[in-house]
Protein chains: 2
Amino acid sequence: MNLRELSDLLGLSQTTVSRALNGYPEVKEATRKRVTEAANAHNYHPNTRAKSLATGRTMSIGHVIPLSSQHEMVNCVFSDFIAGAGESYARHGYDMRVSVVDDLKEADAYKTLATTGKVDGVIVHGPLVNDERIPLLVQLGLPFVVHGRSSDCTTPYSWLDVNNISAFKRATDFLLDLGHKRVALINGLETMDFAMRRREGYANALADRDIPLDAALTYSSEMTEPFGYAKTCEMLDAAEPPTAIITSSLIPALGVRRAVEERGLTIGKDVSIICFDDALSYLPNGAGSPIFTAARSSVRDAGRRCGEMLMDQIEGRTSGPVHELWEAELVVGQSTGPAPNR
Amino acid sequence: MNLRELSDLLGLSQTTVSRALNGYPEVKEATRKRVTEAANAHNYHPNTRAKSLATGRTMSIGHVIPLSSQHEMVNCVFSDFIAGAGESYARHGYDMRVSVVDDLKEADAYKTLATTGKVDGVIVHGPLVNDERIPLLVQLGLPFVVHGRSSDCTTPYSWLDVNNISAFKRATDFLLDLGHKRVALINGLETMDFAMRRREGYANALADRDIPLDAALTYSSEMTEPFGYAKTCEMLDAAEPPTAIITSSLIPALGVRRAVEERGLTIGKDVSIICFDDALSYLPNGAGSPIFTAARSSVRDAGRRCGEMLMDQIEGRTSGPVHELWEAELVVGQSTGPAPNR
DNA sequence: AATCATTTCCAAAGCGCTTTGAATTGCGAT
DNA sequence: ATCGCAATTCAAAGCGCTTTGGAAATGATT
C-alpha cells in the first residue's frame, strides 16, 4: 500500500492525504480522521526511501567507528554511549547509522557521509588532542557534536565533555589527603584528548604539593585489564612501589586488583585504587556500595545528551556551537584508605 | 554536483553516465574512462537517497536493540558483534542501521523496518527459547539471520550459533575429570536460548556420572560482575561450598574471582573457575596465556560471518536457510586445577 | 554498396513521497 | 442571489537516481 493507492481508495489527492498524515493544518479534521483511520486499517506506512528523497532528510545520525590494530574504538564505553544516544534518537524518530571503517579511511568516510547525504549529522567519538575531523566536518557543512573535546582545535564546534582535569585533580588530591606519597597513574592513550587532560589534572595535583612527577609511576596505553595488571606488577615489584594507583577506567582497575591481590596485598589498605567509572550498565562498579572509589560520570547519559544536542542543531533549535562540561562525581568505595605507614 | 549536471558537462545522457559509473557493459571503455575521470575531478557522489528510491535497496542492515530494565541487550558482547558485522558490511558497501526501541515495541520496530523499507535485512540478537520475532520476520518477508537459535521455533530460518551444549558439557567434564564433585553454574538468563542450552550441557555432564543437580549450585540472571560476586559469596559461605564454578561469561567470572580472593582462597587450587569467553577485544582473557580456563568462541568472528550470511541471502547467493554451528575451543588457563582433598 | 548484427548511446518513464501554486468549496455578509 | 474571504482540496512539478525500449552509430558480411 503506497500513498497513491491510499488516496485513490479515499477519493482524495495525494497532497491531502500526505498533509493529513503529517499533521498539516490545511486539512479538515473530519478528513484527517478519515485518512488516519484508513491508513491504520490498511497498514499504510510511508516509504522511508521516497520520503528521504523528497524531504532531503534521512532521519538518521551517523557514527563512524574506525577499526584498527592501534586503537580500539569499539569498546564497552562505545556501546553504552550509543545505547544512550539511541534512546534520544528513538524519541525523536531518528535512528543511528553506524559505519565501520578502516581508520586510515576515516576522513573519506565522513566525506562520503556528507556528499552522498546518508545522514543528517554525525557524532564524533574519541577526539584526539588535535583532531582533524573537526575542521573537516565544519568544511563539509555536516552538523556534528563531539563527545569530548579537541584541545588544539581552533574552529568552533559543539561538544559535551566531562571535566577530566578537575576529576583527576580531585581524585589525586583525595589520595594525597589520605597521606599517600607515591600515587601512580594508569592512563588511556595520551593522544586522546581525554587522557591528556586526565594526566594534566593528576599533574596539577602533584604540582600543588611540590611532588615531582615520576615517570616510573605513569603509564599510558589502551585501557585493558592486562595492561592494568602488567603495569601494576611492574610497579609493585620495583624498588619504591606506589601506595595508590589511579586508572582511567574500571577495566584496567580490574587488572590492578588482580595484581595487588595476587601479591597477597590488601586493596584499600596496602594499595589504594581510584578509577574513572563510566557507569557502564553491564559492568557496574559494585551493586549498592561501590567497589572502587571512583570519579563517576555516566557515558550513557552523555550519549543521550549528545544525541539531543545534535538533533537540536539539525532541526535549527540552536544556532551557534553549544558546550557542556560535566563534573564527574567522586564516589567513595572500599578501594581507598589511608596510606600505610612504613 | 548531481548526475544531470555531470552528464550535461560531459555532453552525455544521464543513462550513459550512470551506466559508466556503475560498471555496466553497454558503454565504451573510452567513454567510461572519460566519465569516471570527470566524476573524480568534480567530486561527484551519487545521492544515496535517490539511489535507494530508484533501486529499492538501502544498502543497510538493521539491528534492533530493545531497551528495558529487564534485560540488557546493549552490552559488551553486542558491541563486539557489531564491530565484526560492521567490518563485513563495509567490505560490501553496506552499513548498519541501529534502532534502539522500548522492548515492548520490538515487534513494531521490525514491522516498521520492513514496511517502510528502511533496511534490506536484519540480524536478530539474543534469541529466546521460543522467539516470536522469527515467525514475524518470515511473515514480513524481511531477510534475516539469527545470531544464536530459538529451540522451540518450527519455522525454518538461517542462524549461526555456538554449540553451547557441547561447550558446557566439555567444560563440566573437564572439571569432573579433575575430581571436582560440586560444580556450580552461574548462567545467563535462561529465557535466552543460549543459556538454556548451556544449562543443558552442564546437566548432561552431571547426568552422565549420576551426579544429581543441586539447585543451590545453579543460578541464572543478567551476567554482571556483581551477580557473579554475590552468588559466589552465598555459595562459599554455605554449608557445602562448590570447589568449581562455571560462568556463562567472563564478566561474572570477575565477580567470582573477587569473592574467592576476598575469602583468602586461591583460584585454581581451592576453587576452580571456567567461564565462557566471547573473546572480546577490549576485555581479553589475559595477555598471552589465559587467566581463566575457558570455552572460547569469538563473538566478533560470529558478527563477521552473520553479516556475510545475511548479505549472501539478500543478494540471492543462497536460497534456503543456512545454518552454522561453531564449536567453542576449550582453552586451559590458570584458573583450574585438581579438586582439593578435604 | 546494401544488409544485418553489434555496440553505443539516449529520451523518457518510473521509484513514492513532499510541496508549490492554483482551483474549488463553504459560508457569513452584502 | 452575489460577493469576498477563508478553509479545503487538488494537479503537477520536483527530489536524483535507475532502467526500459529504442534509436543511432559502427563494423562485419555478403
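Letters A, B, ... mirror the listed sequences (proteins, then strands); counts begin at 1.
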Begin with the C-alpha distance, continue with both residues' side-chain angles, and end with the deciding distance and a verdict on side-chain contact (heavy atoms from CB on, under 4.5 Å) for B:Cys153 and B:Asp131. CA-CA 7 Å; B:Cys153 183; B:Asp131 203 306; over 6 Å; no

Could you state the atom-to-atom distance from [atom1] of [X] to [atom2] of [N] in whole Å?
| X | N | atom1 | atom2 | result |
| --- | --- | --- | --- | --- |
| A:Arg49 | D:dT18 | CZ | P | 14 Å |
| B:Asn47 | D:dT18 | CG | P | 10 Å |
| A:Glu29 | D:dA7 | CD | C1' | 13 Å |
| A:Asn2 | C:dG14 | CG | C1' | 12 Å |
| A:Leu3 | D:dA12 | CG | C1' | 14 Å |
| A:Arg57 | D:dG16 | CZ | P | 16 Å |
| A:Arg4 | D:dA12 | CZ | C1' | 15 Å |
| B:Leu21 | C:dC9 | CG | P | 14 Å |

Return no unless some side-chain N or O of [X] is found under 4.0 Å from OP1 or OP2 of [N].
| X | N | result |
| --- | --- | --- |
| B:Thr31 | C:dT8 | no |
| A:Tyr44 | C:dG16 | no |
| A:Ser13 | D:dA11 | no |
| A:Asn22 | C:dT18 | yes |
| A:Tyr24 | D:dT9 | no |
| A:Ser18 | C:dT18 | yes |

Indicate, with a heavy-atom threshold strictly under 4.0 Å, whether B:Gly117 touches base, sugar-phosphate, or nothing.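 The residue B:Gly117 makes no contact with any strand.
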
Base, sugar-phosphate alone, or nothing: which one does A:Thr15 contact when heavy atoms must sit under 4.0 Å apart?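 Base contact.
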
With DNA chain C as reference, determine whether B:Leu53 or B:Val17 sits nearer its 5' end, using the nearest nucleotide of each.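 Looking at the nearest nucleotide for each, B:Val17 comes out on the 5' side.
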
First of B:Thr55 and B:Gln14 reached from the 5' end of DNA chain C, by closest nucleotide: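 Nearest-nucleotide comparison on DNA chain C picks B:Gln14.
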
Closest to the [X] side chain, choosing from [options]:
| X | options | answer |
| --- | --- | --- |
| B:Thr16 | C:dC10, C:dT19, D:dT18 | C:dC10 |
| B:Glu26 | D:dC10, C:dC17, C:dT8 | C:dT8 |
| B:Val27 | C:dT18, C:dG16, C:dC9 | C:dC9 |
| B:Lys51 | D:dT18, D:dT9, C:dG16 | D:dT18 |

Is it true that B:Arg34 and B:Glu37 make a salt bridge, defined as a side-chain N closer than 4.0 Å to a carboxylate O?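 Salt bridge flag = no for B:Glu37 with B:Arg34.
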
Between A:Lys105 and A:Asp108, is there a salt bridge with N-O shorter than 4.0 Å?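 So A:Asp108 does not pair with A:Lys105 through a salt bridge.
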
For the pair A:Tyr282 (side chain) and B:Val77 (backbone), establish whether a donor and an acceptor sit closer than 3.5 Å, ignoring hydrogens and angles.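 Between the backbone of B:Val77 and the side chain of A:Tyr282 there is no qualifying donor-acceptor contact (under 3.5 Å).
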
Without hydrogens or angle criteria, can the side chains of A:Asp120 and A:Thr58 be said to hold a donor-acceptor pair below 3.5 Å?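 On atom types as modelled, these side chains qualify, holding a pair under 3.5 Å.
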
Would you say CD of A:Glu315 has more than 12 non-hydrogen atoms from neighbouring residues, nucleotides or ligands within 6.0 angstrom?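 Atom CD in A:Glu315 is packed in, count exceeds 12.
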
So which one's nearest nucleotide on DNA chain D is more toward 5', B:Arg19 or B:His45?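 Nearest nucleotide further toward 5': that of B:His45.
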
